[in-house]
Amino acid sequence: MKWKDQGSFIEIFPPADFSFQECLIFLGRSHQEILHRISEGYLYKLIKADDQQILLKIGAAPHSIKVEFPISEPNQNIREKAADYLLEWFDMDRELKGFYQMAASDEILQAVCANHFGLRIIGIPDLFEALTWAVIGQQINLTFAYTLKKRFVEHYGECLDYEGIVYWLYPEPDIIAELEVEDLRKLQFTNRKAEYIIGIAKSMKAGLLAKKELLQAEDYPQLKETLMKIRGIGGWTADYVMMKCLKHPRSFPIADVGLHNAIKLQKGMERKPTIREIEDMAENWKGWEAYAVFYLWRSLYE
DNA sequence: ATCCAGGAACTGT
DNA sequence: ACAGTTCATGGA
């Protein structure tokens, strides 16, 4: 029993080694984030289910997570979708004992795993969002990446006003597929980012690119190869999407600058490690590369 | 100013 | 297969 209907709310029962608090801290990392809101210990998230906008108010209870529906009294089907969404978003079905056991004796991961015990990979369940957010973040600083995302969402996403606060949904591929490069240039996207994003939207709209199909992919290398055929998706983005959306535990964005900085810090190095050096360090992480990277990203901000 | 940022495609060897 | 170049922009 992963969740239970309690009438006016639903209750989700995560594993014992899950910390809602740690996940909240991660979600609060950018003040420019507009796809969720954190206020007084509650997490607010707008999702779409059965073509309806559903606002979720998520809070920690002693041994569970309580999810309320401030704007509606949803039917059974929507309750189930809300529960599924949260189970996926916070990777609650993952058995992490093996990871923590490995990390306990790993020079690089030991401290960060102890410090943030209970944190899980915070995913991006929506494939279009995962792909295009990764493209937006390519080769620019994160602050500006959030600025671009905010403009993108506010121009092309749906929203809901509740008690004077606006909640946003990420734009749909069908809308973005109809744009011209110039439309996104106005938001200060580069030509290339605009081309990539519109191209991805068109592929998804045409049914050539879908999460369901990608999830059926055979193994890690093959899945990565498939993703990299998409224009704008290189090795880094393929791994990022496998990690945040397709939930592949072995996804490993090894060229990531943030990863390099985190390793440098954890090891007290004077320079960033080389790819070869990271490959050696990661021998110990086999099967848990995605979690190793995610925790190391976490170590970069307090 | 100057360097760099949660890279990728393109070009030439 | 590999290395160098170009893209483009804001943050620190």
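Convention: sequence-line order gives letters A, B, ...; per-chain numbering from 1. What you see below is based on every heavy atom in this structure, not just the backbone, and it leaves out hydrogens, waters and symmetry mates.
Within residues 236-254 of chain A, the residues having any heavy atom closer than 4.0 Å to DNA chain B are, in order of number, Trp236(A), Thr237(A), Tyr240(A). For the segment residues 279-292 of chain A, the set of residues with a heavy atom within less than 4.0 Å of an atom of DNA chain B is empty. Within residues 120-140 of chain A, the residues having any heavy atom closer than 4.0 Å to DNA chain B are, in order of number, Gly137(A), Gln138(A), Gln139(A), Ile140(A).
A salt bridge links Lys149(A) with Glu33(A): the distance from a Lys NZ or Arg NE/NH1/NH2 to an Asp or Glu carboxylate oxygen falls below 4.0 Å. Ion pairing between a basic and an acidic side chain is recognised when a charged N comes within 4.0 Å of a carboxylate O; Lys224(A) and Asp219(A) show no such pairing. A salt bridge links Lys2(A) and Asp93(A); the closest N-O separation between the charged side-chain nitrogens and carboxylate oxygens is under 4.0 Å. Ion pair Lys211(A)/Glu88(A) flagged as a salt bridge, since at least one NZ, NE, NH1 or NH2 atom sits closer than 4.0 Å to an Asp/Glu carboxylate oxygen.
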Atom pairs under 3.5 Å: protein N/O with N/O of nucleotides 9-13 of chain B:
residue: dA9(B); atom: OP1; partner: Gly232(A); partner atom: N; Å: 2.7

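Rounding to whole angstrom units, CZ of residue Phe189(A) and P of dA8(B) are separated by 17 Å. Protein atom CD of Glu182(A) is 16 Å distant from nucleotide atom C1' of dA8(C), rounded to whole Å. In this entry the distance linking CZ of Arg276(A) with C1' of dC2(C) reads 11 Å, nearest Å. Going from atom CG of Leu148(A) over to atom P of dA5(B) covers 17 Å, rounded to whole Å. To the nearest angstrom, C1' of dA8(B) lies 15 Å from CG of Asn191(A). Atom pair Leu187(A):CG and dG10(C):P shows a separation of 13 Å (rounding to whole Å applied). Distance, Ile197(A) CD1 to dG7(B) C1': 13 Å, rounded to whole Å. Taking atom CZ on Arg151(A) and atom C1' on dG10(C), their separation rounds to 10 Å, with Å as the unit.
Ring geometry, Tyr240(A) versus Trp236(A): the interplanar angle falls under 30°, so the pair is classed parallel (tilted spans 30 to 60°). Aromatic ring pairs are classed by plane angle as parallel below 30°, tilted from 30° to 60° and perpendicular above 60°; the pair Phe99(A) and Tyr291(A) is tilted.
Going from the P atom of dC7(C) to that of dG6(B) covers 22 Å, rounded to whole Å. To the nearest whole angstrom, the two P atoms, one in dA8(B) and one in dG11(C), are 22 Å apart.
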All N/O donor-acceptor pairs, side-chain side in residues 170-183 of chain A, below 3.5 Å, sequence neighbours left out:
residue: Tyr170(A); atom: OH; partner: Thr132(A); partner atom: OG1; Å: 2.7
residue: Glu178(A); atom: OE2; partner: Lys205(A); partner atom: NZ; Å: 2.4
residue: Asp183(A); atom: OD2; partner: Glu180(A); partner atom: N; Å: 2.8

Under 3.5 Å, which donor-acceptor pairs link side chains of residues 77-86 of chain A to any protein atom two or more places apart or in another chain?
residue: Asn77(A); atom: ND2; partner: Asp50(A); partner atom: OD1; Å: 3.4
residue: Asn77(A); atom: ND2; partner: Asp50(A); partner atom: OD2; Å: 2.6
residue: Arg79(A); atom: NE; partner: Pro74(A); partner atom: O; Å: 2.9
residue: Arg79(A); atom: NH1; partner: Asp5(A); partner atom: OD1; Å: 2.9
residue: Arg79(A); atom: NH1; partner: Gly7(A); partner atom: O; Å: 2.8
residue: Arg79(A); atom: NH2; partner: Gly7(A); partner atom: O; Å: 3.0
residue: Arg79(A); atom: NH2; partner: Glu73(A); partner atom: OE2; Å: 3.1
residue: Arg79(A); atom: NH2; partner: Pro74(A); partner atom: O; Å: 3.3
residue: Lys81(A); atom: NZ; partner: Asp50(A); partner atom: OD1; Å: 2.6

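A cation-pi contact, defined as under 6.0 Å to the ring centre and within 45° of the axis, is absent between Arg185(A) and Phe189(A). The cationic atom of Arg37(A) (NZ for Lys, CZ for Arg) lies less than 6.0 Å from the six-membered ring centre of Tyr44(A) and within 45° of the ring axis. By the 6.0 Å and 45° rule, Lys244(A) does not stack over the aromatic ring of Trp133(A).
In terms of phosphate contacts, Lys272(A) brings a side-chain nitrogen or oxygen within less than 4.0 Å of OP1 or OP2 of dA5(B).
Within 4.0 Å of Arg29(A), counting heavy atoms only, lies at least one base atom of the nucleic acid.
Distance from the side chain of Trp297(A) is smallest for dG6(B) among the nucleotides dG6(B), dA8(C), dG7(B).
For Tyr220(A) and Phe252(A), the gap between ring centers reaches or exceeds 6.0 Å. If you look at Phe69(A) and Phe9(A), their ring centroids are not closer than 6.0 Å.
Remark: the Gln138(A) side chain and the Thr237(A) side chain contain an N/O donor-acceptor pair separated by less than 3.5 Å.
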